[in-house]
Amino acid sequence: MTTRQAGLRERKKQATRVALREAALRLALERGPDDVRVDDIAEAAGVSPRTYNNYFSSREQAIVAAVTAEREARVAAAVTARPAGTDLAEAVIDAIVEHYTDPGEHGRDALLMITTRPALREAFIGATTAIERPLAEAIHERLGETGRHTARVLAASVAAAVRVALEDWVRPGSASGGLVVVSGSLPDLLRGALAPLAPALDAADQRHTRPDRSPAS
């Protein structure tokens with residue numbers, strides 16, 4: 001397969017993924033997520049249910065993907081774009097807070113639906129693992145080749161911290177019949193969960209990119 005053919009195939013796959021996740025969210029908002037079947041999503045996107053299963057493992061995953069789509073890439077791009085003099089911890093934390101608190105083009109109705117349905121909520125929280133690879137690549141680019149494994153460990157730690165913050169944010173309230181009560185400020189929860197990682201992020205930055213400086217300098 002030529003490079004041109006491979007590129008065309010990848011663009012078609014991406015277009016299919018977008019069509020599926022947009023159809024899933026649209027139908028869920030129109031009918032309610034419990035009344036949407038995988039077959040309905042596939043039909044609305046113009047593909048077969050078998051094709052659908054090549055992209056998403058459940059309707060919840062597709063619905064959530066419409067809200068979280070490209071978020072991980074945006075976080076990584078934001079980290080990479082920060083000036084060289086910016087501390088790594090500041091770059092990572094600011095990027096996470098900015099892109100995890102932006103409701104995006106689909107607005108708050110979609111986010112409200114997701115956070116008030118247990119299955120969608122679990123898919124939403126579970127989507128945090130997708131940040132690991134792009135963030136690890138962004139950190140690795142900054143640290144250099146000697147920081148490859150460090151970047152992976154740091155990115156995995158960031159993903160875990162984000163998950164903790166999101167779990168706290170949408171924790172079911174005991175006095176609300178099991179309904180979700182969004183609690184606290186999501187930016188504050190994210191910053192609080194990520195704060196313990198700041199020393200490790202900055203120490204890695206100084207060790208791999210500024211070897212002449214000690215963490216105490």
Side-chain angles (χ1 to χ4, degrees), residues 21-22 24-26 28-29 32-33 56 58-82 86-139 151 153-202:
R21 71 192 185 208
E22 294 298 325
L25 180 60
R26 184 179 71 253
L29 288 171
F56 299 106
S58 67
R59 67 181 177 186
E60 289 80 15
Q61 190 182 71
I63 293 168
V64 166
V67 174
T68 63
E70 317 304 332
R71 181 176 61 188
E72 296 78 18
R74 293 196 302 271
V75 168
V79 171
T80 301
R82 292 300 291 267
T86 305
D87 290 340
L88 181 58
E90 179 183 342
V92 170
I93 293 172
D94 285 352
I96 291 288
V97 171
E98 177 184 355
H99 293 287
Y100 272 79
T101 56
D102 181 359
E105 63 180 293
H106 298 292
R108 298 190 179 279
D109 287 345
L111 192 58
L112 179 63
M113 177 182 67
I114 288 171
T115 57
T116 54
R117 288 347 193 256
L120 288 173
R121 193 164 67 243
E122 286 303 311
F124 178 69
I125 293 172
T128 57
T129 58
I131 196 176
E132 286 189 33
R133 177 170 293 183
L135 182 57
E137 291 175 355
I139 295 175
V153 171
L154 290 173
S157 300
V158 169
V162 171
R163 183 184 181 96
V164 167
L166 293 181
E167 286 175 342
D168 284 347
W169 189 55
V170 297
R171 179 183 298 157
S174 59
S176 60
L179 295 178
V180 165
V181 178
V182 173
S183 59
S185 160
L186 182 53
D188 289 347
L189 288 169
L190 286 166
R191 289 189 182 279
L194 290 164
L197 300 179
L201 287 162
D202 284 341

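These numbers come from a predicted model, not from an experiment.
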To the nearest 0.5 Å, how far apart are CD1 in I131 and CZ in R133? 14.0 Å

Using only atom types and a distance under 3.5 Å, with no angle test, would you say the side chain of R121 pairs donor to acceptor with the backbone of I114? no

Got a sec: does the CZ of R82 have more than 12 other heavy atoms crowding it under 6.0 Å? yes

Please report the shortest heavy-atom distance between A136 and A155, naming the atom on each side. N-CB, 3.5 Å

To the nearest 0.5 Å, atom OG1 of T116 lies from atom CG of L111 at 9.5 Å

Euclidean distance, I96 CD1 relative to L197 CG, rounded to 0.5 Å: 10.5 Å

Taken to the nearest 0.5 Å, the spacing of T129 OG1 from E72 CD works out to 8.5 Å

Indicate yes or no for a side-chain donor-acceptor contact from R74 to the backbone of A69 under 3.5 Å, with no hydrogens or angles considered. yes

Within this structure, what is the CG-CD1 distance for the pair L201 and I139, rounded to the nearest 0.5 Å? 6.0 Å

Search all heavy atoms of A161 against all heavy atoms of A193 and return the closest pair with its distance. O-CB, 3.3 Å

Could you please spell out the steps behind the side-chain contact (heavy atoms from CB on, under 4.5 Å) verdict for D94 and T86? CA-CA 11 Å; D94 285 352; T86 305; over 6 Å; no

NZ/NE/NH1/NH2 to OD/OE distance under 4.0 Å, E98 and R191: no

What are the two closest non-hydrogen atoms of A138 and A76, and how far apart are they? CB-O, 3.7 Å

What are the two closest heavy atoms between G192 and P196, and how far apart are they? O-CD, 3.4 Å

From Y100 atom OH to L194 atom CG, the distance as rounded to the nearest 0.5 Å: 10.0 Å

So, do L190 and W169 sit near enough that their side-chain heavy atoms are less than 4.5 Å apart? no

pair P33-L120: side-chain heavy atoms closer than 4.5 Å: yes

Out of V162, V79, L154, which one pairs with L135 under the side chain to side chain contact (heavy atoms under 4.5 Å, CB included) rule? V79

Between A28 and I63 the two heavy atoms that sit nearest each other are CB-CD1, 3.7 Å

Hey, mind stepping through E167 and R163 against salt bridge (charged side-chain N to carboxylate O under 4.0 Å, His left out) and telling me if it holds? CA-CA 6 Å; E167 286 175 342; R163 183 184 181 96; 3.1 Å; yes

Is any side-chain heavy atom of M113 less than 4.5 Å from a side-chain heavy atom of L25? yes

If I compare all heavy atoms of D202 with all of A89, which pair ends up nearest, and what's the gap? OD1-N, 3.0 Å

Can you confirm if the NZ or CZ of R21 lies within 45° of the ring axis of F56 and under 6.0 Å from the centre of its six-membered ring? no

